[in-house]
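Please read the structure below before turning to the comments.
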Amino acid sequence: MGMKWYVVRRVAWAVVATYLAVSLTFGLLMVTPNAGADVAAAQAAASGQDYDAVRERYLERRGLDRPVEEQYVDYMTNILTLDWGYSFSQGEPVLAAIGEAWVYSAQYFVPSILISALLGYGIGLYSALNRYTPTDYLGSFVAYFGISIPNFWFAIVLILLFGVVFRLLPTFYDSGVALLSVQNAKQLLLPVVVLSTASVAGQMRYSRAQAIEYARSAFVKTARAKGASEWRVLTRHILRVALVPLSTILIADVLAVLFAGSFIIETIFQIPGLGRLALEAIQQRDTPLVLATTLIPVFIAILGNLLQDLAYVALDPRIDYGDR
Amino acid sequence: MSRHHTTTDQTEPLLRVTDLRTQFRTDDGVVRAVDGVSFGLNAGETVCLVGESGSGKTVTAESITRLVDCPPGEISGRIEFRGEDLTAASEDRLRSLRGAEIAHVFQNPQDALNPVHTVGWQVAEVVQIHESVSRRAARKRAVDLLDRVDIPDPAATADAYPHELSGGMKQRVLVAVALAGEPDLLIADEPTTALDVTIQAQILDLIADLQAEFDMAVLFVTHDLGVVARVADRVVVLYAGKVMERAPVDRLFDAPAHPYSRALLACLPGRGESNGAIPGNLPDATDPPPGCRFASRCPFAVEDCHEGDHPPLAPVAEDTDVEAGATVGDPPAGSAPLAASSAERSASPDAGPDREHVAACLFHGEDYDAAHLDREVAWSAAEGDHGE
Amino acid sequence: MAGDEPAPDGGTARGAGTGFEGIDWTAVDDAGSAGPSAAVTAEVLVLLGLAAALVYDYVVLANEAPTVGVVGWDVTGVEWLLVVVLVVGAFHAALPLARNRRLTAYYWRQFRKNRAAVVSLGFLGVVFLVGLVGPLIWTAPNEAIDYAAAYQPPVFAGGSWEHALGTDAQGRPIWHLIVYGMRVSLEVGLISMVFAISIGTVVGTAAAYFGGYVDEALMRYVDLQQTFPVFILLLLLIYLYGASLLLIIALYGLFSWEGTARLVRSEALQRGEEAYVRAAEATGAGRWWTIRRHLIPNVSSTVITAATLSIPVFILGEASLSFLGFGDPDVFSWGRTISAGRSDLPNAPWISTIPGLFLFLTVLAFNFVGDALRDAIDPR
Amino acid sequence: MSDPLLSVRDLEKHYPLTEGILNRQVGSVRAVDGVSFDLAAGETLGLVGESGCGKSTAATAALRLEEPTGGTVLFDGDDVTAFDDSELKRFRREAQLIFQDPTSSFDPRMSVGESVTEALRVHGISDRARRRAVGEDLLERVGLAAEDYDRYPHEFSGGQRQRIAVARALVVNPRLVVADEPVSALDVSVKSAVLDLLADLQAEFGIAMVFISHDLSVVREVADRVAVMYLGEIVEMAPTERLFEAPEHPYTEALLSAIPQPDPDAPARTIQLSGSVPSASDPPSGCRFHTRCPKAIQPATVDLTQETWRRVLDARERIAGDDVDVAAVRELRAPAGDDGTALGTAETAAALREEFDLPDPVDDPAVETAVTEALSALADGDREGALAALSETVTTPCEVHEPTRQSVAGSPGHDVACHLRHPPSGVRVPDDERRVGDADGPSEP
């Protein structure tokens, strides 16, 4: 009874959150002067046309002079039917531009998530179990380094070292390289390292703290008293219990760090992914594309949160459904 | 070195702890939680470690199989289990002993079970760790064990999670976990402290029944002298990491030799007129004062008590002390049947030196003749105080 | 004490003057309640003074005239906020620390155990002072290009002592850029933090206090805000409104308090169940009393840690935005300097690396201090 | 006797149980369900019972720290449940509380002096120096030093903190103190010192005290009278020595027998209670203790040993609570390597009989018939049928009639709520349970 309700409520909440997020972007659009219209009008004015007239015509052609409710319904319908408009800066429909760009983003994004989770948890748990050893101190050092170093600066220094001084790796991304090739792996190496450093460190710090808390707990002592090996204690007891709190931050935290990082990575390494697309859209004041590139991370984040809530059901038998 | 049940030497105790020291390095200095503790335990027998919080009783119990967090806890001394020194044993060797031959039951059943596994899984885990059996067979064993500890509907309970059970049921599950390896030694660390008094009685009875059935030795850690009186064959009184007194249980209750034991017993409601309390606090564990650890709180302390090392354990002469003790406590008239009743309790036929009654007090030392008079004075002065 | 000790049973005799049983409660009940404390009055007065100065600056003074003529300091909007934040900090952090010296000394002993954190605290002290006073000593970098002074290496790479850390492509001394960058980081870190922590604490406490539908509504909003990645929201809003330091600070302050709110709420709920809160209620203390005297002080250890650890996040965030070119074009943020030095990386690496190092060390120091604070003041 | 200081009548504290998104109330946890007692000035009443029996809730509800859902509380003749805010605040000065945990009952960020004198501040004494004088004086009186005023709780040991807690309770010069397990968390060596302090101060200032504890031996030390609670109700109340020497209620007997005797030669005489404490959201009918009572009365038609009768009742209880998994029992009792699915009705019934620890056959033919029928039905998966088969014969009068607390003849101030002592009409009490007083004729409610 409880569980079903819980799942239903969580899914319903995800839908509501999506709806609110989309409405919010619409609201923002409504309260700000239309950037596209300004651009078009300014261009027209430069070629001798009447600024206001062009601006009005621009708005009329896009149906932006209609009442707000009408535009709202339209806007929501378009979002729902995946009619996300036309990007003038890319010269193609918004969805097509995104379709081309996401491949490049995914190439470094997915490995980064995996590395963050595996390496972060791995090192964190290891150092929790081997406290006060040199390895633990090294781990802590790496963690502090990772969360403190500005990733754009880190990227620059790495490029300077490995690209310019030692000439081991390419200094920027070449989209012409085949997806599955050594060359591609080489040019993705630095972006992945830079992007995952911060989130690895974050996961590591958190998982270490959690694991230390559980490593001191009575049930771990019970497990040791049973004669369980360290590995068994770690995997079957500590990790299994720690997964509950860890799963709640994995997605939200990793996504937050990585989204911000992706803009920087794609700028520095010149990767033609979603982050670069968004930046170009902003620079060229291409509103439909800006909205799309804003909404996609939001959708991913909502989905991530939903998965995280559902993970709870699978992981924690104690969950009090009424309370959440 | 004897590896398994093959040699059970009658004269050799199952467990012999000699000069055990466990210390923790902290920012404030080295905490000597256990500081030279010695005692023995025979097969089938129950020995209680008694002491207040901070006396080192739990650390002593956990040091035996090195369950204290090893760094920064440092263990030295000798812990012989069937003649094998566990302080020198490898981690692998200890692991094969834990759960299989030396089992533990901990204080708080609320925390001692892993919240995300079913209780059946947690009982079966012991079987799976120590024997190569199928998961199915291990589960079957787990259900049998749950039945053994009187859990109603064991097969269904095996699929329950800990939070679905009451505190008493959880402690039963933990007893089942401890029994799963059919151990020779059960270390029970305050197993009933967190439970209600009616449940406490049930668990104590359960442990006693199972002890007889499996012929286990039990090392029982508790602060509750009522529990001690009920379960112990012999008692080790700890204070500030040191053994204060070691005695068969009825000797301790009838004729406590160490002033600390006397004070502890005097605190018990319903024993004598005095509603005693021990003034003062535990000495600093990082930097204990010289002399007897209890001297600063001892009503009988003389100057010599504050000097030198902690007094060594010395045999308690039976005659005089029984009398002295008799006036403080409220023993049954005449203390003659002592030996008989203790022999009845102990399962071991000839416990030899372990039957001894020793106390770490200057007054019982061999070469403390000169001050014998002072002690009598102090003794009687204290009686006067109690009468007030 | 032993000298004037009365007879052993003299408790009641002596108690007539000072003992609890000597209190005449009917007299106490008739007396009115006391007014606000001196500290509260002083804080309100200082803040009112600041408000008056602000009005004077914007209404009376000419637009370009410096606010504080003596040192030629024209206080901008962000700087007004910084002053307010410093005043609030003095009254709510420095003053209580000075008052409860015994507790402060205890916390300091705990904190001191972490040596890296002590060094970090010293470094942050220097950053704080230089960031605060430095702009009055060293001239502000400008957009003018001085080819003669350009590309001077730092002193350890063969440069002169005149510009010990070298100069950039436009001949601006790196040290000046760093000093002004410190000011920016200080402003971003402190102001955003105070905003975020205040909102978070108020929302968290309100949710815990009112419970029910208020709690539900507030927490749902927090959920929603959490799903919206703040960096992306910032990009969107900067796109719509244009970049300025004030906007960046305000956005960070307004949209990153959800973690604090959650933390405060759960802590407040937890502490509300603690025996000492129930003990206060049992003596007749009202709900507001327990919140002010027990809940907020005890939740504050969590809040202080969260606050310290949120500062580096804001500093890094602003630096990232500036690096991407979405920063305030009128201020010399570290991120902007690092970005500008990128093209000169092979021939003049100091332009990017030195400010980057400062940024890195500042963030690192905050993280060290935050973690040490947590260990020192968190009872767990 | 003069009017009592505190008079509690039919006190109830029910917590609603809600469910679903609309928080529909589906029942209530009856934590305290009709508790009555009187307390004279200067007297100590011990309130004992197992955890979850409602003893703490009863006290907090009586002090209106939680709003009682029913009943009245008279303090010095005034109805506490009807107090408005200012009256309640004044009442807080008269009635104080001491908590169990010496660690968490002090605000770690307040000096102990501030904690002790907080109540003075709350009640309007704004003069800092005066508060300090009172606080320092009190700290000395509870055995600490005036200089301790500025120290923080973490600088004290548990016993010292509990002394400070006593000082905090006394600071407003109360007439009633509720001490909720004040020494449970303390070592035995400091326990009695704190109890002594409490007793001395109580005597000096004539304070009435409600002393809540699960530890009967501690209660015996301090209380003048003792009330024993079970599942939200007081089942027995008596002057302390009467209760310990001649307990009337089987539950009190069981509690007393469970105290470990600090004497190794004392015989273990524990009375085992079956099952565990039922949920307060669905308390058993009739006498709430009947599901565990070792002396549950047999109906006139049944003649079994008390032990067998208890087992039969337990079996019915478990079937009624759907607390038996037939498939699992089959699996458990089946020979090794067999999951038991092949077991027939008769074999399963035998396995169930073993599971319920019932003799084969049960001595009483009528009960045996019912048991056989029930076990077969259960073996076939017909739980309702099994229950129906048992309901006729296996019913104790204890679950039918609700006992009321009535005075015990020949023992002044001694009440008990038990059918053995005050049998309803038509209920036969076993001979060995008849008391001398019963000959005077049971008093009908």
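So that the names make sense, note that chain A is the first sequence line, chain B the second, and so on, each numbered from 1.
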- chain B contact via S51(D) - which portion, at a heavy-atom distance below 4.5 Å: both
- Among the options D187(D), V190(D), L216(D), pick out the one with the most heavy-atom pairs lying under 4.5 Å from chain B. D187(D)
- Query: Quick one: does E355(D)'s side chain have a donor or acceptor within less than 3.5 Å of a partner on P154(B)'s backbone?
  - Reply: no
- chain D contact via D196(B) - side chain, backbone, both or neither, heavy atoms under 4.5 Å: side chain
- Flag the one option from L264(B), L225(B), L195(B), V143(B) with the top tally of heavy-atom pairs under 4.5 Å to chain D. V143(B)
- Message: Can you tell me how far apart OG1 (T198(B)) and CG (L256(D)) are? Round to the nearest 0.5 Å.
- Response: 12.0 Å
- Task: Measure distances from R318(D) to the heavy atoms of chain B and classify the residue's part below 4.5 Å as side chain, backbone, both or neither.
- Result: side chain
- Side-chain contact test, heavy atoms from C-beta onward, threshold under 4.5 Å: evaluate it for V197(B) versus L255(D) and give yes or no. yes
- Message: For Q200(B), which atoms come within 4.5 Å of any heavy atom of chain D: side chain, backbone, both, or neither?
- Response: side chain
- Return the minimal non-hydrogen interatomic distance between E50(D) and I199(B), and the atom names on each side. OE2-CG1, 4.4 Å
- Note on the structure: Taking every heavy atom of R230(B) against every heavy atom of A258(D), the minimum-distance pair comes out as NH1-O, 4.5 Å
- Given a strict heavy-atom distance threshold of 4.5 Å, which part of R141(B) is in contact with chain D: side chain, backbone, both, or neither? neither
- Going from CG on D263(D) to CG on L265(B), what distance comes out if it is rounded to the nearest 0.5 angstrom? 10.5 Å
- Message: Let's test your reading of the structure: which of S53(B), A155(B), A158(B) forms the most heavy-atom pairs below 4.5 Å with chain D?
- Response: S53(B)
- Which atoms of D144(B) approach chain D - backbone, side chain, both or neither, heavy atom under 4.5 Å: both
